[in-house]
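Structure first, then comments.
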Amino acid sequence: MKTIDKAWQPEKFEENLYQRWEKAGYFKPEVNPGGEPFSIIMPPPNANGSLHIGHAVFVTLEDIMIRYARLKGKAALWLPGADHAGFETQVVFEKKLEKEGKSRFQIPRDELYQMMWDFTQENKKAMEAQLKKLGASCDWQREKFTLDPDIIKIVYETFKKLYDDGLAYRAFRLVNWCPKHQTSLSDLEVKYEERQDPLYYIKYGPITVATTRPETMFGDVAIAVNPNDEGYKDLIGKSVPLPLTDRDIPVIADEAVDMKFGTGAVKVTPAHDPTDFEIGQRHGLEILAVIDDRGRLANLEQAKAKPQIIERLSGKRTAEARALVAEELDELVEKRNENYLHSVGVCYKCQSVIEPLPREQWFIAVNKPGKSGKILAKDALKVVKDGRVKFVTKRFEKIFTHWMENIRDWNISRQIVWGIRIPAWYCQNCSNEVATDITYGAAVKEGTIPGRISKISGKPIVTEGEKPEKCPDCGCADLVSDPDVFDTWFSSGQWPFAALQTTKPSDFEKFYPTSVMETGWDILFFWVARMIMLGLYVTDKVPFKHVFLHGLVRDKDRQKMSKSKGNVINPLGVAEQYGTDAVRMALVFGVAAGNDVIISEEKIRGMRNFANKIWNASRYVILRVSEGDLKTGVIGTDKLSDLDFIEGGKHTVENQRMLNEHESLKKETTRLLSDFKFSLAGEKLYDYFWHTFADIYIEETKIYFDKHSDEQIKKNTKKALVKVLSETLIMLHPFMPFVTEAVWQELREISPDLVESIMIAEWPK
RNA sequence: GGCCGCUUAGCUCAGUUGGUAGAGCGUCGCAUUCACAUUGCGAAUGUCACAGGUUCAAGUCCUGUAGCGGCCACCA
């Protein structure tokens, strides 16, 4: 005697169902061998923590797309992965070390790398379990990690290709330096804050200059004025004394100087200010650095500072030095504008003020043609304009275009250990900068990372290119490797093709370009833009045909979720409490594409109620059709062998109306899903199932099950119930995979023609 | 400074090619051993920010105004 539970109990089903699906191979594209390829590369979550509610959004949306495609008979591949996440992870790990009273600067490079390797592997494992809990139907056998040796090999090949093409180059430039993390950052990783600081007016002999940063004056190499500024005409070409030092600096003329700002004269510090750097380049000025890696005054001897100044200021942090310099200058400070409002660049992770420092680093040229004729930014703009890459919410296309049109060269060197080591070597003898002849194929150097053996190649994993035998310029073997690692986005920018080229031999051929890239709009520039540029550059094809961007998750008061505000919803926690289906549905319901996702526990509870509604309405159908006992839930023995209606059979008007409405629902839902309108499709199904199928139709059937004795009508009504229910379940399945499958299995008891799993059912036509 | 978006029921938001305003949560009344109280039935609440315009018809298209939010930008 089989019974059916009175309520939907997700905890009783979810884990088992997921395991069954995975074991049956349903997550693999091979379940639909002849199907049209459909592919999504999962944005690999950072392996430095656990999944948060934002991850649940992408899992839900991508799983909806994949399950829908699979039900439509496509060979649907969802390729999972995890990201080592370079700097991000190192920041997390450094915090962890700090709590233990340690500093990363005390730990040898290889040892630190090893520690972080273990750290990310642990996180990765936990994240995989969490993705499964959320019902992600991705192909785990194709899972990739951004530090897999075969991925590193591809990243090296790309770098080499860019280098040979003249698009990856090493240059001595001003970079964004975080003095806390002691690494450079890309322009995107610098945030700007409005601040009020004093603006000092300082007398340099006959000229007064205005500055917010008097402490950089030791690096001054000139005074610049606008060539059209009558007031300074006579001074151009003359020299003025640099206070607190024993040297003079020239007065030069440059168009970049705004006559109306301050006194119309600027101190020029090429080593510590981007505009000044450019002025310096134009006039061939010395780059005199007086701030070190830790953001402290240094090199004051070379700057010819007076001895007592060197004594007093060397090693002082810039903020502290600022006040001290003002003090030393004394009456040379003509006046101070105390509350000058300006924006200051800070590190996006630690809010330390960014110091522009001159450093030798690797850059990617984005606006200039390579020898190949390719221009990264321009080519990327073109494919978007052509519609070869379509943004699902059109407005992001404008944002993308605007950014891409104003993009500047990209600094990819990071002075950290966690990441892919830049495979470049420098000759010690011929002082010739670069001797980078990268042999990437055998990316192996014994003992670099002790004890770390690749599962794939069986060789030790390293993050360095193989050392070239000799310098191509002078022939010596005295080569040293670049100590830096790549910006993590340089490797993740290659993710779609790199991942597909390293899973199965035919995957790239079959699944690239991928169908959809679904991710958060906050990484539109960081990631999506770079994927388009690099994907196009390396493969000559776009990496994806559609970009679907989702927003930020906020609470019901529109507040961003954060640990400090205490409004964080842990997706796994609420999934445990209300069921995964409820969480998933709550994350798409009422959310327009690209908009922020507003979530609250009440909303999740509402969707839990819906899951229960599905369960109970189905329970009713199963008990009715099988002639079971509605009260106890004991399923009867009657079965429906096929769902075709009896020839010439009679239908009640209610049946007929129901079947008609169901037909239009199918059309509508299919259209909405194909159009990426997940929210509308979900709402439609919700409304239909609850307020039409359950509230109206089922209620109507009660009447004629009780009152009519016509067997043919009864039979047709049963068939209509099962047909409408089973097809609606299939349509709901992408949204709520667990309850729909659980019900499907019960339904098979009374309708044996249904396929063994709803996952491999056919999308209703 | 440039660009983008938002303004619809008490709250949070949908609204698909312009065709008599919707959902979730909440509120009020009634029902209750009949699939489901994780329920059913019924009810209330909106000059769709404001001002113009196009149209037979505008929440939906155009122009302007106000408020809010976001992104980008090297102002010493």
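Here is the naming used below: chain letters follow the sequence lines, and residue numbers restart at 1 for every chain. What's counted below: heavy atoms across the whole structure, side chains too, no hydrogens, waters or symmetry copies.
Less than 4.0 Å separates RNA chain B from at least one heavy atom of each of the following residues of residues 192-204 of chain A: A:Y192. Contacts between residues 664-681 of chain A and RNA chain B, defined by a heavy-atom separation below 4.0 Å, involve A:E668, A:R671, A:L672, A:K677, A:L680, listed by number. The stretch residues 735-746 of chain A has no heavy atom under 4.0 Å from RNA chain B, so no residue of it qualifies as close. Contact check of residues 619-627 of chain A against RNA chain B (heavy atom, cut-off under 4.0 Å) returns A:R619, A:Y620.
Remark: A:H402 is not in phosphate contact with B:C4, judged by side-chain N or O atoms under 4.0 Å from OP1 or OP2.
Formation of a donor-acceptor pair under 3.5 Å by the A:R408 side chain with backbone atoms of A:V366 is not found in this model.
When Watson-Crick and G-U wobble pairs are counted only if both distances are under 3.5 Å, B:C75 pairs with no nucleotide at all. Across all strands shown, B:G64 pairs with B:C50; the Watson-Crick or G-U wobble distances both stay below 3.5 Å.
One cannot find a donor-acceptor pair under 3.5 Å joining the base of B:A35 and the side-chain atoms of A:K6.
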Expected rows: protein N/O vs nucleotides 39-46 of chain B N/O, under 3.5 Å:
residue, atom, partner, partner atom, Å
B:U39, OP1, A:N609, ND2, 3.2
B:U39, O3', A:K613, NZ, 3.3
B:G40, OP1, A:K613, NZ, 3.3
B:G40, OP1, A:W690, NE1, 2.3

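Comparing B:A14, B:A23, B:A76 by their closest approach to the side chain of A:E683 singles out B:A14.
Judged purely by distance below 3.5 Å, without hydrogens or angles, the side chains of A:E668 and A:S664 never pair a donor atom with an acceptor atom.
Separating the CE atom of A:M607 from the P atom of B:U38 is a distance of 17 Å, rounded to the nearest angstrom.
In this structure, A:K684 is not positioned above the aromatic face of A:F689 in the sense of NZ or CZ being under 6.0 Å from the six-membered ring centre and within 45° of the axis.
For the pair A:E189 and A:K349, the salt-bridge criterion is not met [side-chain N within less than 4.0 Å of a carboxylate O].
A:Y578 pairs by the ring-ring contact (aromatic ring centres under 6.0 Å, His included) definition with nothing, not counting sequence neighbours.
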